[in-house]
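By convention in this document, chain letters (A, B, ...) are assigned in the order of the sequence lines, proteins followed by strands, and residues within each chain are numbered from 1.
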2 protein chains.
Amino acid sequence: MIPSIPIELSGERFRVTYRLAGDETTACQQAQDIRYEQTVEFPADLVPAGDINDHIVGALESFERVDYNHFQAVVSYAIETSGFDITQLLNVVFGNFSIKPGVRVEHLELPTALLAAFKGPRFGREGWRRRLGIPNRPLLSTALKPMGLPAREIGELAYRMALGGIDIIKDDHGLANQPFAPYKERVERSVEAVARANLRTGLHCVYVPNVTAAGDATLRNALFAKTAGAGGLLISPGLTGFGVLQQLAEDGRINLPIMSHPAFLGSFVTSPDNGISHQVLFGQIARLAGADASVYPNYGGRFSFSREECISIVSGTSVPMGHIKPIFPAPGGGMTISRVPEMLEVYGRDVIFLVGGGLHKQGPDLVENGRYFHRLVEAM
Amino acid sequence: MIPSIPIELSGERFRVTYRLAGDETTACQQAQDIRYEQTVEFPADLVPAGDINDHIVGALESFERVDYNHFQAVVSYAIETSGFDITQLLNVVFGNFSIKPGVRVEHLELPTALLAAFKGPRFGREGWRRRLGIPNRPLLSTALKPMGLPAREIGELAYRMALGGIDIIKDDHGLANQPFAPYKERVERSVEAVARANLRTGLHCVYVPNVTAAGDATLRNALFAKTAGAGGLLISPGLTGFGVLQQLAEDGRINLPIMSHPAFLGSFVTSPDNGISHQVLFGQIARLAGADASVYPNYGGRFSFSREECISIVSGTSVPMGHIKPIFPAPGGGMTISRVPEMLEVYGRDVIFLVGGGLHKQGPDLVENGRYFHRLVEAM
């Protein structure tokens, strides 16, 4: 019925580690099903013999018990199945199987021949450090909020934060193009305010606007931000798609560091037996798509990530991935300045400390709070 | 500290129903947290009095017990918080709270003043029926696969399917721009093959290529498909973002019906206490973004959606949403032709039956299988 036609393939394969919940029979069947569902999506008995069956259908490389009712399967795929496109790569990794309960993507192993199709982060840790002139210490970041402030007041907040010595002042990810603080006005005022503060401090604080929007509005926002003098971009790839993040990272007209935000990505990690591991989602995928920093909720804040999950994200931001540069983990989400010493112990120097509401909570003077935050990190 | 500045707001609000898991104290705290987290993302005691506190922070409209350890909270938001952009609307609905376990979005109620910012599906059920010249019966659809076939053989499959009387022949969502079947060649061959079959049958079968790709490649694929003579587009908004689906639906140069595919969206629905309800995700959101048909796995196939969940998707495709047209539910995912009578009972006439591998399983002659499928539906 379906003809068997030889296919020209490189022989290079990428490997996905899946964690499977259930008894051994169920997990073993899931591992077999993944091979077909993620590639040919065709009844196994009708797949034509030859190259499709031998090389396009995923190959089960290993299957091991992890604990009483969890197993780990490594499935490899021909790199050509990805079409060398991040959306299709993610589709092979987890497209249809995202719909099956009890399966979690644990790790990606991508060979050089596949990584060659991706530029990854334009700056990465070292590149962004060079731009900011901060060779060693953790970077200090905060967020402009609350939503509802007019652009003018947002600019004033940015001024006081920059005066306090914050390195990276990003929009809260909920600041979009609302009528009460239109995107363009907000960007212009915040860029101007930060530049004004930098003149007084002699520091190199940058403003990072949120460019997340529908369709090509994200790119237009990014180009506007570049022209206006922003020092980086914030994007929520859960809302725009990872391919749009990649587009911003690769566009030579933009040439700015990018922070990715976890908004709308949470459902991948809220259930331990489903979805995508923290390491892969906030580490490997964000990085492959071109983020220079990956924002995520730190343990012990308003969210429920564990210390181990946060450490696994750090590992995802730096695990060897060929020419794809290591990027900054940027833990936030209910952080307070008082936790900085403990976080330094966990994260070391290659981290962006993102203190949002906590910077306001520290005391009545925002400039002084920033200075305290700065001194604390410098002193460690 | 943060100034209290009057904000000009319409007074119009949209409502989100959240289902909260846990005891009453926990659920009640979650409902309160949602109000802040999804809007100002600021410590409640520091939110300035006045319009931000009164109108930008979400308002808890109701809180009710559903069962022993589940509660339902309706939170309303000023429509201006959405920036009238689908990515920011989804961000307010579930951006950060997607990261919190035990919360599921159950229903959206969007007022006319907000819906006015969205065109929704260009065709909807009736519009697509008119284009196809099929006023009453369910539409028959199948998928081109397996991945690995060269474009030429994919075209031949399309020819035989069209000859058999299938109405909508879509790419499998895993067909991208792989070297063994490049996108453009596949589209050209499949369009030509379907046109050739239509000449013989006198029918109006259409070919629907998968345009999903990274960044603006999706739009480029769609424009190519239009020029080549495709009769619709397939996109996976879980991979591209819903804003890119909207862009395709609104672009007047394209003007083609769009099918949305659930790939990479599964994690929103795999855990009953987390994520987004089937009705909202595959119904209301797909529709708001502009899909004319929403593909999802039917109950009793390879996936685990229940009959009730499938019926709730149908409800999401047709629940009143102002000028946003009702769209087709397109259940697939391991369907066989033998289940058509039962599905007709459940879905009625306004449905696209998507039989992929099952069309091949029916018997050795693909043309004859299509004719059998067609006759079965015509006879009901």
query = At what distance, to the nearest 0.5 angstrom, does CG of B/L239 lie from OG1 of A/T87?
reply =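 One finds 5.5 Å between CG of B/L239 and OG1 of A/T87.
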
ask   = When rounded to the nearest 0.5 angstrom, what is the spacing between CE in A/M147 and OH in B/Y36?
value =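 Between atom CE of A/M147 and atom OH of B/Y36 there are 14.0 Å.
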
Using a 4.5 angstrom heavy-atom cutoff, name the option from [options] with the most pairs to chain B.
options: A/R160, A/E153, A/E37, A/E8; value: A/E37
options: A/G333, A/G275, A/A213, A/S4; value: A/A213
options: A/S267, A/G356, A/G357; value: A/S267
options: A/F268, A/F305, A/F84, A/F94; value: A/F268
options: A/G95, A/G243, A/S98; value: A/S98
options: A/L366, A/L149, A/D51; value: A/L149

Which portion of [X] sits near chain A, non-hydrogen atoms under 4.5 angstrom:
X: B/S304; result: side chain
X: B/H55; result: neither
X: B/P237; result: neither
X: B/L157; result: side chain
X: B/I56; result: side chain
X: B/P364; result: both
X: B/I52; result: side chain
X: B/L245; result: neither
X: B/N96; result: both

task = Start with the C-alpha gap between B/L9 and A/F180, add the side-chain angles, then the distance that decides, and say whether side chain to side chain contact (heavy atoms under 4.5 Å, CB included) holds.
result = CA-CA 8 Å; B/L9 295 170; A/F180 42 75; 4.2 Å; yes

Which one of [options] has the most heavy-atom pairs closer than 4.5 Å to chain A?
options: B/V269, B/D216, B/L175; value: B/D216
options: B/L90, B/I86, B/V244; value: B/L90
options: B/E41, B/E80, B/Q246, B/Q88; value: B/E41
options: B/V103, B/N177, B/I276, B/T39; value: B/T39
options: B/G334, B/P182, B/P150, B/G358; value: B/P150
options: B/P179, B/A143, B/S236, B/A217; value: B/P179

message = Could you check whether B/D33 pairs with A/R302 (Lys NZ or Arg NE/NH1/NH2 to Asp/Glu carboxylate O, under 4.0 Å)?
response =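 Looking at A/R302 together with B/D33, the answer is no, because their closest N to O distance does not fall below 4.0 Å.
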
inquiry  = Could you check whether B/F264 and A/F97 have their ring centres less than 6.0 Å apart?
reply    = no

Between [X] (side chain) and [Y] (backbone), is there a donor-acceptor pair under 3.5 Å?
X: B/Q178; Y: A/T81; answer: yes
X: A/K145; Y: B/V40; answer: no
X: A/Q247; Y: B/A214; answer: no

message = Using 30° and 60° as the class boundaries, would you call the ring planes of A/H360 and B/F42 parallel, tilted or perpendicular?
response = perpendicular

inquiry  = B/K361 vs A/L46, test: side chain to side chain contact (heavy atoms under 4.5 Å, CB included). Steps then yes/no.
reply    = CA-CA 8 Å; B/K361 260 188 154 3; A/L46 295 182; 3.9 Å; yes

Minimum-distance pair of heavy atoms, taken over all atoms of A/I99 and B/P297 = CG2-CG, 3.8 Å

remark   = Heavy-atom closest pair (A/N91 atom, B/A263 atom, distance to 0.1 Å) is OD1-CB, 3.5 Å

Give, as side chain, backbone, both or neither, the part of [X] having an atom under 4.5 angstrom from any heavy atom of chain B.
X: A/I7; answer: side chain
X: A/D85; answer: side chain
X: A/D45; answer: side chain

Heavy-atom side-chain contact between A/V47 and B/P146 under 4.5 Å =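 When only atoms from C-beta onward are counted, B/P146 and A/V47 do not touch, as no gap falls below 4.5 Å.
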
